[in-house]
Amino acid sequence: MTEQTPAPLRRSDTCGALRASDIGRTVTLMGWSQTNRDHGGVIFLDLRDRSGVVQCVFNPLEAPAAHEVAQRVRSEFVIAVHGVVQPRPAGTVNPRLPTGEVEVHISRMEVLNAAKTPPFPINDDNAPEVDENLRLRYRYLDLRNTRMQQNLLLRHKAAQAARAYLDAQEFWEVETPLLIKSTPEGARDFLVPARLRAGEFYALPQSPQLLKQTLMVAGVERYYQFARCLRDEDLRGDRQFEFTQIDLEMAFVERDDVLTVTEGIIQAIMRVIGVDVPTPFLRMTFVEAMARFGSDKPDTRFGLEFVDLAGVFAATEFKAFAAVLAAGGQVKGINAKGAAGLSRRELDDLIAYAQSFGAKGMAYFQVTPEGLKSPVTKFLSEEERTAFATTLGAEVGDLLLVIADTPHVVAQALGRVRLHLGEKLGLIPENTWNFLWVVDFPMFAWNEETQQIDAMHHPFTMPKAEDLPLLDTDPLQVRGDLYDLVLNGNELVSGSIRVHRRDIQERVLEIINMPLEQVRERFGFLVEAFEYGAPPHGGMAIGFDRLIMLMAGEKTIRDVIAFPKTSSGADLMMDAPTTVDPLQLRDLGLQLRKRG
RNA sequence: GGACCUGUGGUGUAGCCAGGUUUAACACACCGGACUGUCACUCCGGAGAUCGCGGGUUCAAAUCCCGUCGGGUCCGCCA
């Protein structure tokens with residue numbers, strides 16, 4: 001051959017960046033062929049890379065060789081093109097495309113790699129939604145989709161923003177091990193057999209909690225980490241086995257120092273999507289959140305707040321209410337403004353919904369021009385009806401819902417009914433970012449199952465100073481120096497100030513009935529570390545996947561994780577988990593047995 | 001562990017509840033042909049599914065029943 005091989009093409013530009021200002025430039029682009037419109041003569045090919053799409057034009061008269069190649073190009077072929085950016089002829093500008101004012105007239109083209117026909121359309125806005133199994137099986141194709149690429153980009157930008165902020169605040173990013181020690185409390189651990197010590201196991205961290213506290217003793221003072229956390233619990237739309245937290249701990253601080261830093265991080269991250277959230281965030285105590293919304297993570301984007309009706313029905317003859325109040329329970333209601341028109345069927349569904357959360361029943365009252373309409377009105381006196389309607393601010397057209405039960409059931413059932421109605425009645429505004437600190441959680445909770453007191457957060461939480469005397473008299477009343485950050489009803493952040501005083505720590509462990517030996521066995525290293533000069537410290541962790549999910553407007557964290565698992569814990573692309581070679585098991589000193 | 005929903009060509013659906021005129025329909029994608037300005041290109045033609053799997057009922061099953069597997073949502077669980 002005497003013919004000279006032309007110099008290989010080298011990428012000069014990205015597709016999505018080309019604008020009218022580039023007209024006249026000769027460019028070389030590389031990417032994936034998205035659509036190929038062959039008009040017999042001229043061929044239009046939409047070329048896509050991660051920056052966007054640009055229209056390439058192949059004219060058989062201008063460049064017959066390139067046109068010849070373009071005829072054979074199919075969806076998702078990887079190609080390189082070389083040509084001149086030109087203005088589109090009048091009337092053919094595409095305003096829906098950022099690059100729609102220009103097109104590239106191709107003089108030379110190469111197929112870098114052919115592709116099989118994809119099992120689903122990659123970037124067709126008009127195509128119906130693709131089955132998620134299929135997307136997960138071919139995740140590398142799914143991730144080519146603009147939406148998914150935007151999610152990955154957003155996640156990257158958010159991580160960068162957080163890191164920049166934390167660096168400016170003089171935090172050190174420190175990595176902690178993935179193979180650590182198993183601790184039975186909390187979530188179920190993922191276990192890893194220790195080959196060098198048959199019969200023993202490592203655990204994958206549920207969070208770096210103990211290690212970051214140790215780093216405080218080590219004098220790191222300000223630590224953070226994008227920490228992978230692993231919990232072997234059932235998955236949900238917002239829960240994967242493995243997830244990412246922005247984990248942080250600070251020495252020589254009080255609660256408000258941690259809250260302020262957290263607000264700064266969140267603010268920096270939210271700016272990535274152009275949202276400037278005002279700080280400081282609103283704060284609400286746990287007690288108030290439970291009283292007003294029946295939840296420790298209230299969605300404050302809409303009303304339907306709880307109203308306590310104990311006073312109204314203090315002397316009622318209505319047995320269902322009277323009995324509950326006599327037993328120390330609560331009667332609480334919400335006013336669903338303008339919802340009196342719900343059908344009988346809808347009301348029944350609502351009651352069934354409340355019952356699925358433990359309520360024995362739910363009374364409803366439609367406010368009509370003739371007064372309250374309800375199956376139970378007849379059990380209430382005239383005065384009670386008036387006081388009830390007034391207390392709830394009832395107006396004609398409203399629907400009043402009342403649950404009488406234990407405080408726990410009222411909160412749970414009425415709280416869920418509130419959320420359900422908020423959605424059903426369209427009360428939830430879009431593009432609203434209600435960040436809310438919920439503070440002063442109880443330190444302990446009564447565990448019905450074990451009939452003893454448990455730590456609500458973890459046993460290294462500091463009780464609030466003013467509640468210290470209660471440790472000896474009424475531990476269940478003790479509030480911890482605990483805080484959660486809630487965004488639109490989602491728990492995003494959880495943290496606490498930790499105990500650094502030995503006397504308090506011992507008392508706390510005593511209350512949750514954890515004998516010293518057990519403490520030594522499980523967290524001995526931390527307890528020991530604390531004996532060598534632990535600074536006062538506290539911290540928190542941000543649920544990064546959830547935050548990105550909410551920022552991206554996605555319904556599941558699977559859509560902001562590159563390679564997520566299905567809700568039954570399977571990786572459909574890799575086909576994990578699988579059985580392993582018996583030799584691997586033998587190395588680990590493990591033997592499988594039938595599940596009994 | 002429990003409840004509910006779901007599975008039909010490569011993809012998304014219809015058909016299922018009232019079993020048989022269905023040779024399982026439609027759209028997109030795919031393959032071939034035509035077409036020089038489209039961008040959901042258009043037009044013509046073609047190929048492609050024994051209906052998740054197994055069993056049962058019936059003269060006859062995508063359709064009814066039982067079991068099973070995969071997927072989703074929720075409850076339990078997630079300090």
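Every chain is numbered from 1, with letters handed out A, B, ... down the list of sequences.
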Please pick, from [options], the nucleotide with the shortest atom-to-atom distance to any side-chain atom of [X].
X      : options                : result
A/Q209 : B/rA79, B/rU38, B/rG12 : B/rA79
A/S567 : B/rA79, B/rU73, B/rC75 : B/rU73
A/T92  : B/rG72, B/rC74, B/rG37 : B/rG37
A/L134 : B/rU11, B/rG71, B/rG76 : B/rU11
A/E103 : B/rG37, B/rG1, B/rA79  : B/rG37
A/R37  : B/rU38, B/rC77, B/rU36 : B/rU38
A/D46  : B/rC78, B/rG12, B/rC39 : B/rC39
A/L572 : B/rG71, B/rC75, B/rG37 : B/rG71
A/R236 : B/rU73, B/rC39, B/rC77 : B/rC77

Salt bridge or not for A/E517 and A/R520, using N-O below 4.0 Å?
no

Would you call A/E242-A/R228 a salt bridge at under 4.0 Å N-O?
yes

Return the value, rounded to whole Å, for the distance between atom [atom1] of [X] and atom [atom2] of [N].
X      : N      : atom1 : atom2 : result
A/L136 : B/rG70 : CG    : P     : 16 Å
A/H39  : B/rG37 : NE2   : P     : 6 Å
A/N36  : B/rG37 : CG    : C1'   : 14 Å
A/D575 : B/rG70 : CG    : C1'   : 12 Å
A/Q55  : B/rG37 : CD    : P     : 12 Å
A/E233 : B/rC77 : CD    : P     : 10 Å
A/E62  : B/rG37 : CD    : P     : 14 Å
A/R137 : B/rG10 : CZ    : C1'   : 12 Å

Flag this pair as yes if the NZ/CZ of A/R418 is under 6.0 angstrom from the six-membered ring centre of A/F302 and inside a 45 degree cone about the axis; otherwise no.
yes

Span that lies between the [atom1] atom of [M] and that of [N], in whole angstrom:
N      : M      : atom1 : result
B/rC5  : B/rG46 : P     : 42 Å
B/rG2  : B/rA18 : P     : 30 Å
B/rU13 : B/rU6  : P     : 12 Å
B/rA62 : B/rG54 : C1'   : 16 Å
B/rU73 : B/rC26 : C1'   : 30 Å
B/rC16 : B/rG52 : C1'   : 16 Å

With ring-ring contact (aromatic ring centres under 6.0 Å, His included) as the test, would you mind laying out the steps for A/Y353 and A/H420 before giving the verdict?
CA-CA 9 Å; A/Y353 188 70; A/H420 185 73; 4.5 Å; yes

Run the side-chain contact (heavy atoms from CB on, under 4.5 Å) check on A/I79 and A/L45 step by step: do they pass?
CA-CA 11 Å; A/I79 59 177; A/L45 185 150; 3.7 Å; yes

Under-4.0 Å side-chain N/O to phosphate OP1/OP2 contact, A/R522 with B/rA79:
no

B/rG71 OP1/OP2 closer than 4.0 Å to side-chain N/O of A/T566:
yes

Partner residues of A/E233 under the salt bridge (charged side-chain N to carboxylate O under 4.0 Å, His left out) criterion, sequence neighbours left out
A/R188

Less than 5.5 Å between centroids and less than 30° between ring planes, does A/F44 satisfy that with B/rU38?
yes

From CG (A/D484) to OG (A/S496), nearest 0.5 Å:
10.0 Å

Does [N] have a Watson-Crick or wobble partner in any strand here, with both distances under 3.5 angstrom, and which is it?
N      : answer
B/rG45 : B/rC31
B/rU50 : none
B/rU21 : none
B/rG9  : none

The residue, A/V93 or A/D238, whose nearest nucleotide of RNA chain B is more 5′ is A/V93

Heavy-atom donor-acceptor pair, [X] side-chain to [N] base, under 3.5 Å:
X      : N      : result
A/R416 : B/rC75 : no
A/R231 : B/rC78 : no
A/N133 : B/rG72 : no
A/R135 : B/rG72 : no

Measuring only between side-chain heavy atoms, which start at C-beta, is A/F58 closer than 4.5 Å to A/D38?
no

Going by atom types alone, do A/Q55 and A/R37 pair a side-chain donor with an acceptor below 3.5 Å?
yes

Starting at the 5' end of nucleotides 27-33 of chain B, put B wherever the base has a protein heavy atom under 4.0 Å, S where only the sugar-phosphate does, and a dash everywhere else.
--SSSS-

